[in-house]
Amino acid sequence: MGSTRVRIAIDAMGGDHAPGEIVAGALRAKEELGVEVLLVGDPQQIEAALPPKTNLAQVEIVPAEEAIAMDEEPLNAVRRKRKASINVAMDLVKQQKADAVFSAGHSGAAMASALLRLGRLPGIDRPAIGTVFPTIVAGKPVLVLDVGANVDCRPKFLEQFAVMGSAYSQYVLGTTEPKVGLLNIGEEDSKGNDAAVRAHQLLRENSQINFIGNAEGRDVLSGHFDVIVCDGFVGNVLLKFAEAVGEVILQILREELPQGLHGQIGSAILKPNLKRVKQRMDHAEHGGALLLGVAGVCFIGHGSSQAPSIFNAIRMAKEAVDNQVLQRIQSQYILERESG
């Protein structure tokens with residue numbers, strides 16, 4: 001590529017607040033993280049979203065003729081709209097003109113585009129969407145996957161998710177010997193349906209991961225696990241429930257703390273603490289979810305993402321590139337096949 005700096009293709013047309021918030025977050029990342037951002041989409045709309053007096057010569061815009069709406073069937077839309085912004089962004093990675101791609105648009109379309117254009121990593125049967133949750137232990141997040149890519153999972157897929165998640169937790173999140181758990185309805189090895197029991201056995205026998213057993217729902221945010229694997233149906237429900245709980249708690253704090261004179265005084269004193277509480281609970285602090293298992297670094301953001309989320313997603317994408325997550329996952333599977 002023409003630059004030694006990490007280059008990230010941004011689907012500027014994807015998301016509820018595109019392109020304005022997407023552009024704002026991308027420009028902040030360019031300034032603070034030193035990355036090159038390629039804004040993919042309608043040049044007129046992107047230019048209109050730029051701050052006044054922006055030097056257009058310093059902003060790289062890659063034209064895309066179309067965008068995929070949230071209500072479109074993803075696979076058909078990706079195939080039909082070949083020049084859609086998400087497809088153009090994926091092509092930049094495929095052509096090695098970008099190191100990573102980010103989209104806050106249709107998550108199904110992003111996954112379909114990644115599979116069709118980038119393909120899967122060798123040895124991976126299904127990609128997984130991994131997202132980071134906060135835990136009660138400060139500075140110790142937990143990576144949960146899959147949270148939506150695969151509604152049904154074979155035990156073999158869950159084993160692959162565990163290996164990929166361990167690599168990401170270790171090399172991007174900085175966890176030493178990540179502790180892996182299988183989301184289940186009980187701690188005992190025999191708990192769960194047949195698929196869960198068989199997955200437990202595969203995980204227990206895999207020497208590439210530090211599997212410590214089943215994780216119940218109450219364990220997800222306990223800080224006892226670094227990686228938790230589950231099928232995409234359960235993972236997606238868990239993700240959206242956790243986000244809703246976080247929002248409810250923050251709203252309750254906003255409403256109840258200022259009540260009365262003592263509450264108003266206390267709220268003023270506690271304001272810095274409350275800000276830290278929000279940072280620990282807010283999904284915007286992590287920005288997005290990594291699509292693990294495809295042959296490229298691909299981050300998917302919330303449709304409601306605003307500039308801070310975009311910035312943090314780009315930061316995580318940069319860290320994934322810098323720490324060579326794809327290469328490390330591939331090397332683990334090569335070693336596994338050779339040892340097998």
Side-chain angles (χ1 to χ4, degrees), residues 1-70 78 81-107 109-110 113-114 117-118 284-291 296-323:
M1 300 180 194
S3 171
T4 57
R5 295 202 291 181
V6 173
R7 292 169 60 84
I8 301 177
I10 311 294
D11 175 10
M13 311 311 293
D16 300 340
H17 304 289
E21 293 293 319
I22 312 298
V23 170
L27 293 182
R28 179 187 166 194
K30 176 182 173 67
E31 177 69 23
E32 297 183 22
L33 303 178
V35 297
E36 294 292 335
V37 293
L38 294 82
L39 299 171
V40 182
D42 182 338
Q44 289 187 332
Q45 292 189 50
I46 293 173
E47 289 179 15
L50 294 171
K53 300 181 181 180
T54 298
N55 184 351
L56 293 179
Q58 297 180 355
V59 179
E60 191 162 355
I61 299 174
V62 180
E65 299 173 4
E66 300 174 290
I68 295 177
M70 297 298 287
V78 165
K81 296 182 174 181
R82 296 183 179 274
K83 297 299 182 180
S85 54
I86 186 60
N87 285 334
V88 175
M90 289 293 176
D91 284 338
L92 290 171
V93 175
K94 182 178 181 180
Q95 298 161 5
Q96 298 187 346
K97 295 179 180 178
D99 302 291
V101 62
F102 169 78
S103 175
H106 196 312
S107 59
S113 182
R117 280 165 165 72
L118 306 178
E285 293 299 314
H286 299 290
L290 178 63
L291 182 59
V297 176
C298 176
F299 268 84
I300 299 173
H302 293 268
S304 60
S305 293
Q306 298 189 36
S309 294
I310 307 303
F311 170 82
N312 283 313
I314 294 172
R315 173 181 55 80
M316 293 178 72
K318 178 182 184 298
E319 291 173 356
V321 173
D322 287 341
N323 290 284

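Numbers here simply count residues along the sequence, with the first being 1. A quick note: this is a predicted structure, and the numbers were derived from the prediction, not measured.
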Can you name the residues that form a side-chain contact (heavy atoms from CB on, under 4.5 Å) with A48, not counting sequence neighbours? none
At their closest point, which heavy atom of [X] faces which heavy atom of [Y], and how far apart are they?
X    : Y    : value
D42  : Q44  : OD1-N, 2.9 Å
A110 : M90  : O-CE, 3.4 Å
F102 : I300 : CE1-C, 4.1 Å
A26  : L39  : CB-CD2, 3.8 Å
G25  : I314 : O-CD1, 4.3 Å
A114 : L291 : CB-CD2, 3.8 Å

How far does [atom1] of [X] sit from [atom2] of [Y], to the nearest 0.5 angstrom?
X    : Y    : atom1 : atom2 : value
R117 : K94  : CZ    : NZ    : 7.5 Å
I8   : R315 : CD1   : CZ    : 11.5 Å
H106 : I86  : NE2   : CD1   : 11.0 Å
K318 : N323 : NZ    : CG    : 9.0 Å
R82  : S113 : CZ    : OG    : 11.0 Å

Side chain proximity check, [X] to [Y], heavy atoms < 4.5 angstrom:
X    : Y   : answer
V297 : V93 : no
V78  : N87 : yes
L33  : V6  : no

Can you list, pair by pair, the side-chain donor-acceptor contacts under 3.5 Å of residues 10-21, counting residues two or more places apart and other chains?
| unit_1 | atom_1 | unit_2 | atom_2 | d |
| --- | --- | --- | --- | --- |
| D11 | OD1 | M13 | N | 3.2 |
| D11 | OD1 | G14 | N | 3.4 |
| D11 | OD1 | S85 | OG | 2.6 |
| D11 | OD2 | S103 | OG | 2.9 |
| E21 | OE1 | A307 | N | 2.8 |

Could you tell me whether E31 atom CD has more than 12 heavy atoms of other residues or ligands within 6.0 Å of it?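 Count not over threshold, so no.
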Examine distances only and state if a side-chain atom of S305 and a backbone atom of H302 form a donor-acceptor pair shorter than 3.5 Å. yes
Kindly list each side-chain donor-acceptor pair under 3.5 angstrom involving residues 52-68, sequence neighbours excluded, with atom names and distances?
| unit_1 | atom_1 | unit_2 | atom_2 | d |
| --- | --- | --- | --- | --- |
| T54 | OG1 | P51 | O | 2.5 |
| N55 | OD1 | A57 | N | 3.0 |
| E60 | OE2 | R7 | NH2 | 3.4 |

